[in-house]
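In what follows, a structure is listed as structure tokens, so that the remarks can point back to it.
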Amino acid sequence: MRQRIRLFSPFEIAWHWSQSLLIIGMLTTGFELHGTYRGLGYAEAATVHVTCALALMVVWVFAIFWHVATGEWRQYVPTTDKLWAVLRFYAGGIFRGEPHPFCPSRRRKHNPLQRFAYLIFNAVISPAIWITGLIYLTFNLFGDVLPVPLAPVATVHIATAYATLVFLIGHVYMITTGDTVFQHLKAMIIGYEAVETGPGPSNGGPPCDTESERPDGRIRTGR
Amino acid sequence: MLWLLAAATLPRAAGAEEGQLPAPTPAQDISTADHSKFEELQGEFDSGREVTKACLECHTEAGHQVRQSIHWTWDYTHPDTGQQLGKRHVLNNFCTNVRTNEPRCTSCHTGYGWEDASFDFSNDTRVDCLVCHDTTGTYHKAPKDAGRVLETATTVHGKPLTPPDLGKVARNVGPPDVASCGSCHFNGGGGNGSKHGDLDSSLIDAPRSLDVHMSPEGGDMACQDCHVASGHELAGGRYDMTARDMQGTGKPGMRRQAATCESCHGVDAHDDGSYVARTLNQHSDRVACQTCHIPEIARGGVQTKTWWDWSKAGRLAEDGSRIHETNADGRISYWTRWGEIEWREDYIPSYAWFDGDMRYTEATDKIDPESVVAINSFAGGPEDADARIWPFKIMRGKQPYDAKRDRLVLMHLFGQDDTAYWKNLDWQPAIETAMATEGLPFSGEVGFVGTKMYWPITHMVAPADQAVGCADCHSEDSRLAGLNSFYMPGRDAPAWLDRIGGLAVLATLAGVLGHAALRAFFRHRRRAR
């Protein structure tokens, strides 16, 4: 039996898409500033890059508050539960048409591989790129009294930009690996995902945990 | 929220239009006197000194004032290095020195009759008022007569000159215009544009694109609007420059004697409030205004000398006559008395950290003849509070030196005597005479050494929309490629970073494409079953 569950709240949807737009904008302009290609023009690219950075900081303030207030930060606590099963699925089962060993729920929205990936993105790549970016942006305010060497700052900034691009490519690909190519994308847009529930699911996958779901799809917090 | 942020950081649309407006025209000097009505100036004058005497009857202090100025003394003691500089003392790599060549060189002295060291610098009546204050454009000094007024028609650098009507010139004096200053400053070093690379006759009635300040279509400013004068002393000069001015504008009661860009524009000149403007203001503590706003050297269609090889001088044609060759633009490329010359225009300057203090290699300094000797040099770097990155014309060439004592030498070029090089084409006696006159030892052994001389570029400021773009420096083929003591975004990222980063991106792409292909393949096979 298939059931539609609310996986992402309107805030998460808005957060995800504004963040992705800003990150893609910063990657595009950042690599122009880096000299990888020429497009907008350096001054224009710099303006867009910094505008996106300032906007992303605002988005992040809201996002961090939301994660703390709702307890949703727990979604990124790493786990090894089913991790090997998921890895085995992407390495082999997916080609044989096997069902995904993980079934998303409100309580566990992300499979263990996603948890690791998003944790690294949120806790390592993002902080590294925006801390170095902030040093870059404000260097002229303190550079005379506290001469930070720019080379290592820039190197970390560029390295994390490459890491972000790698993440983005992997992330965009992984969302095509649902039951249909656009299943996950659709969930991220409308917030609902259809999952198999109840005993003996028809596709042989694991039964999904729907007990924590409210029929109205509202988000339950604090557990 | 986002919209507000964007509005705060994007350039204002009106900014571009504002840049098109002409700069405010400086207040016109409206004189309280009409010199054509002065009794003293009626009638004919026999000589320049007669005119000067008439000027001094009213302008009682003017003679003394001019005699204190570098325009008269050609003498300057550097306040920081203590070096005695000024045209009278320094060596360059054009015609190298004034001493023993006075009658030719001093045709650009603001005085009459500086023939040799015996010139009386204390005599007010020897001051030439007209060379700066003629407004008729008809006043000319004789090219080879120690600064005296032209008395017979002649041709200088291809330009025919006729003797002036001194009475008419005297009755039409006024503040100098671009052509007055240019009559000397555009023609130094052997003809129009030769020396500086940013000063030549194209600045007279310049199009706005050439000089946004001086052009009649732009600010319509005169030289002294920046080179502010007080008591005949002018602000600015190449020996002791303010390479980094953090003081900004002189409000009433504050300093006025400054010729820096900041003395008018302030230290935060980019003012449309955009992120780019703010960032450019943040550059101005390390990058001179000139570095971005003067995109090229010699932009006005007049070539400037970049190479002068005296070692090639003296060659004669088979029939024994002197050789005079010109390039496609009619500039001298070889002349028996000069040697080999190269000219350039519209080219990118050289850039260097510059603290404003010019040090000169003097004829008493030991040089390394194996290296290219710097005629002048300076200090500066990213950590130096007085320094910024400046554009320079570098004049290169080869010139005589004392091959035994390893010293640069003076040379006696001009004159009709037995040792002047231009008459006799013999280096040894020409140098002997010049060194002896200056009281310097000379071994008699002549060699030729490569030299270079730095000319800070500060004129021919282009309109803002022609300024050097960010990526001209912030890129791999940066204009600042030679300045490696600091990190610059867009230029300095380590190559390994791009190799590893690029590889990681490609590997990821290959991985997902491979994975997708396998998925498609197996799904196809499953369906086929």
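Chain letters run A, B, ... following the sequence lines, proteins first, then strands; residues in each count from 1.
Most heavy-atom pairs under 4.5 Å with chain A, from the set B:Ala471, B:Ala507, B:Gly502: that is B:Ala471. Of the listed residues (A:Gly41, A:Ala43, A:Ala163), the greatest number of heavy-atom pairs within a distance under 4.5 Å of chain B belongs to A:Ala43. For the set A:Ala159, A:Gly97, A:Ala161, the entry with the most heavy-atom pairs within less than 4.5 Å of chain B is A:Gly97.
Proximity to chain B (any heavy atom under 4.5 Å) is shown, for A:Phe139, by neither the backbone nor the side chain. Of the atoms belonging to B:Gln282, heavy atoms from both backbone and side chain fall under 4.5 Å from chain A. Residue B:Asp477 touches chain A through its side chain alone, counting heavy-atom pairs closer than 4.5 Å. For a residue to count as touching a neighbouring chain, one of its non-hydrogen atoms must lie under 4.5 Å from one of that chain's; by this rule A:Arg38 touches chain B with the side chain only. With a 4.5 Å cut-off on non-hydrogen atoms, B:Ala516 touches chain A through its backbone and its side chain both. Looking at A:Thr176, both its backbone and its side chain come within 4.5 Å of chain B, counting heavy atoms on both sides. Only the backbone of A:Leu33 comes within less than 4.5 Å of a heavy atom of chain B; no side-chain atom from C-beta onward does. Residue B:Pro489 touches chain A through both its backbone and its side chain, counting heavy-atom pairs closer than 4.5 Å.
The aromatic rings of A:Tyr90 and B:His515 are tilted relative to each other, their planes meeting at an angle between 30° and 60°.
For the pair B:Ala493 and A:Ile158, the tightest heavy-atom approach, listed with the atom from each and the gap, is CB-CD1, 3.7 Å. Closest approach of A:Tyr162 and B:Leu497 over heavy atoms only: CE1-O, 3.9 Å.
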query: Does the pair A:Leu150 and B:Met488 meet the rule for a side-chain contact (heavy atoms from CB on, under 4.5 Å), with working shown?
result: CA-CA 8 Å; A:Leu150 266 188; B:Met488 192 160 75; over 6 Å; no
message: Test side-chain contact (heavy atoms from CB on, under 4.5 Å) on A:Leu137 and B:Tyr275; report intermediate values, then the result.
response: CA-CA 11 Å; A:Leu137 189 63; B:Tyr275 168 71; 4.1 Å; yes
message: Let's go through B:Trp496 and A:Thr155 carefully: what are the C-alpha distance in whole Å and the side-chain angles of both, what is the deciding distance for side-chain contact (heavy atoms from CB on, under 4.5 Å) to 0.1 Å, and is it a yes or a no?
response: CA-CA 10 Å; B:Trp496 59 262; A:Thr155 301; 3.8 Å; yes
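By the 6.0 Å contact criterion, CH2 on A:Trp84 is open, its count of non-hydrogen atoms from other residues, nucleotides or ligands being 12 or less. Heavy-atom neighbours of A:Phe65 CZ from other residues, nucleotides or ligands within 6.0 Å: at or below the threshold of 12. Other residues, nucleotides and ligands place no more than 12 heavy atoms under 6.0 Å from the CD atom of B:Glu476. Counting heavy-atom neighbours within 6.0 Å of A:Phe182 CZ, excluding the residue itself, gives a total of 12 or less.
Side-chain polar atoms of B:Asp498 and A:His34 form a donor-acceptor pair below 3.5 angstrom.
Between B:Thr508 and the options A:Leu165, A:Ile169, A:Leu168, a side chain to side chain contact (heavy atoms under 4.5 Å, CB included) holds for only A:Ile169.
A distance of 6.0 Å separates CG of A:Asn140 from CG of B:Asp285, quoted to the nearest 0.5 Å. Between the SG atom in B:Cys470 and the CD atom in A:Glu44 there is a gap of 8.0 Å [rounded to 0.5 Å].
Near-neighbour residues of residues 520-529 of chain B relative to chain A, defined by a heavy atom under 4.5 Å from a heavy atom of that chain, comprise B:Phe522, B:Arg526.
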